[in-house]
2 protein chains.
Amino acid sequence: MSVTTLHRPAHRDALALVETAFEEGRMVTAFGRCTVDYDGRASSDLGPGDRLVVCKPDGTVLVHTDENRNPVNWQPPGCTHHAGVRDGRLRIRSVRSSPSERLDVSFRQLEQVTAYEVEDRSDLTLTGSEEDLRTRILDDPSSVEPGFRPTATERETAAGPVDIFGDDADGRPMVVELKRRRVGPSAAGQLRRYVEAVDEEFPGEDVRGILVAPSVTDRAAALLTEQDLEFVPLSPPDGGEDGSVTHD
Amino acid sequence: MSVTTLHRPAHRDALALVETAFEEGRMVTAFGRCTVDYDGRASSDLGPGDRLVVCKPDGTVLVHTDENRNPVNWQPPGCTHHAGVRDGRLRIRSVRSSPSERLDVSFRQLEQVTAYEVEDRSDLTLTGSEEDLRTRILDDPSSVEPGFRPTATERETAAGPVDIFGDDADGRPMVVELKRRRVGPSAAGQLRRYVEAVDEEFPGEDVRGILVAPSVTDRAAALLTEQDLEFVPLSPPDGGEDGSVTHD
DNA sequence: TGTTCTATTTCGATT
DNA sequence: AATCGAAGTAGAACA
């Protein structure tokens, strides 16, 4: 059977299901009134409330409330789950070492416990990352400007590594900074520091700084103009259509 | 009733439960064989597999496999959930604008659907953050060094805001950078830039730079010494015991 | 294993 | 709403 559920179980029955699921590598969810206690890299306490607890066979634990994308408490993959009953509470404990961390969930009342058999071989294919944008430009440098010739990626400078380094049609050095989404003033400052650093290396020449991103904020655009930096609107392939239209 | 569960439901019945739950602000989980499609800030596709889908009343959607701490796909709070049946599939769609994002989950077979009523008024109390470290130092400046007198937090400089600014027992300006955990070379660089910026402001005086953290890497320690910067081993209160012992 | 960097980062605070 | 920085960041790539 792929899914086994107990509704308002006695702790004893819930414990049997959970322990078996842990042993057999099944995923478990538990929902009910509980308290949570964490100690490790930091330390936290959570008073009684209704939460959904997910225990994965890879050692992950998630404690979710009805709000927010992130769990209110959790344990990363690689932990070891334990379950027990004490003082009329069902307790789920997850532990790891290096760094030493411990998560305790104590259920006063269990509304539901479920064990799942999971089969999933599919891999996620994600497009629209900065890596995709870099690939797109290296495949077709003219998408930045005709005559652009990339010579290096992640080129080291005094201000840190530059995304793409190269020359323009006239042989002037070009520093290209990539951002996969709409950028603010900080990206302009970053590019400025790169250009200044590369300027030091090429005393005679006039180094160009180009920011490649789907779009920029008004303030960032002003900063770029102010500092003689350039902006090329370009999105990663497929995703990131927010670059085609800039609302403001 | 606090929890309602359907086991291997017909899509029609599942749809009724899910739509009601969305309307009444209940949390929903669905488990079964599904495909997932996302388009927005990036773009992704996920082939058929067994996943646990969580829809929260605040607009969050999580798609979890049996591995990893993070969901394989998700939608942040503030989205709107919709459900429907088409081509013999139960579809759950979550949408938001600004930025425009869409997540589609299509169930070929549903093993289980559950709607939860969640009550949770408890707040998480967390200790061991950088904020706690700052509080600890402001409460007892001598924990950095005897005679240290903080005069400002988040003090602006040309290189950005400094965590804590003050004077030492001899009246020399002190720039204090806080890190809640073991730090690498980047923190040394950051501190150096702050000290250089403050040095400009106090031409006659010799500005001191102090990095406060549980511990440092070897390379970072070398950089600090090289640049006449100082390190004070100090952890946030309670959590972060890894600072008391530095292994290497 | 430790270090460094990216992220559909998320999240909160502040302007 | 835009911006900035911390996070028990997580996760991957690399030495």
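We name chains A, B, ... by the order of the sequence lines, and we start the count at 1 in each one.
Between C:dG2 and B:Thr217, no contact under 4.0 Å exists linking OP1 or OP2 to a side-chain N or O. Regarding contacts with the backbone of D:dT9, a side-chain N or O of B:Arg181 is found under 4.0 angstrom from either OP1 or OP2. A close approach under 4.0 Å does occur between a side-chain nitrogen or oxygen of B:Arg41 and OP1 or OP2 of C:dT10.
Base contact: A:Gln75 has a heavy atom under 4.0 Å from a base atom. B:Ser129 comes within contact range of the sugar-phosphate backbone alone, with a heavy-atom separation under 4.0 Å but no base atom that close.
Here C:dT8 presents its C1' atom at 7 Å from CG of A:Leu126, a figure rounded to the nearest Å. Summarising the geometry, the separation between CZ on A:Arg134 and C1' on C:dA7 is reported as 14 Å, rounded to the nearest angstrom. Between the P atom of D:dG8 and the CG atom of A:Asp39 lies a distance of 14 Å, rounded to the nearest Å. Atom P of nucleotide D:dG5 and atom CD1 of B:Ile164 are separated by 17 Å, given to the nearest angstrom. One interatomic measurement links the two molecules: CD of A:Glu67 to P of C:dT10, which rounds to 17 Å at whole-angstrom precision. What separates CZ of B:Arg182 from P of D:dA7 is a distance of 18 Å, to the nearest Å. Distance, B:Asn73 CG to D:dG11 C1': 16 Å, rounded to whole Å. Regarding A:Leu124, its CG atom lies at a distance of 11 Å from the P atom of D:dA12, rounded to whole Å.
You'll find that the side chain of A:Trp74 is closest to D:dT9, out of D:dT9, C:dT3, D:dA6. Comparing atom distances between the A:Pro185 side chain and each of C:dA7, D:dG5, D:dC4 picks out D:dC4 as nearest.
In this model, no side-chain donor or acceptor of B:Glu131 finds a partner on the base of D:dG5 within 3.5 Å.
Between A:Phe31 and A:Asp50 there is a side-chain heavy-atom pair separated by less than 4.5 Å. In this structure, the side chains of A:His64 and A:Pro71 come closer than 4.5 Å at one or more pairs of heavy atoms.
Judged by closest nucleotide on DNA chain C, A:Ser98 is the one of A:Ser98 and B:Glu101 placed further toward the 5' end. If A:Arg219 and B:Glu130 are placed on DNA chain D by their nearest nucleotide, the residue sitting closer to the 5' end is A:Arg219.
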Would you list the protein and nucleotides 11-15 of chain C atom pairs, both N or O, that sit under 3.5 Å from each other?
unit_1	atom_1	unit_2	atom_2	d
C:dC11	OP1	A:Arg69	N	3.0
C:dC11	OP1	A:Asn70	N	3.0

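A side-chain donor-acceptor contact under 3.5 Å links B:Thr135 to the backbone of B:Glu131. For A:Tyr116 (side chain) and B:Gly32 (main-chain N/O), no donor-acceptor pair under 3.5 Å exists by modelled atom type.
Contacts between residues 45-54 of chain A and DNA chain D, defined by a heavy-atom separation below 4.0 Å, involve no residue at all.
A salt bridge links B:Arg134 with B:Glu154; the closest basic N to acidic carboxylate O contact falls under 4.0 Å.
Sorted by first and then second residue, the salt bridge (Lys or Arg N to Asp or Glu O under 4.0 Å) pairs involving residues 60-84 of chain A (not counting sequence neighbours) form an empty list.
Annotation: D:dG11 and C:dC11 have their P atoms spaced 15 Å apart (nearest Å).
Screening A:Arg89, A:Arg93, A:Arg91 for a salt bridge (Lys or Arg N to Asp or Glu O under 4.0 Å) with A:Asp104, the sole residue that qualifies is A:Arg93.
For the residue pair B:Asp132 / B:Ser129, a side-chain donor-acceptor distance below 3.5 Å is found, with atom types taken as modelled. Using modelled atom types and a 3.5 Å distance limit, the side chains of B:Glu101 and B:Tyr38 yield a donor-acceptor pair.
Residues B:Ser235 and B:Arg136 share a closest heavy-atom pair of O-NH1, 2.6 Å.
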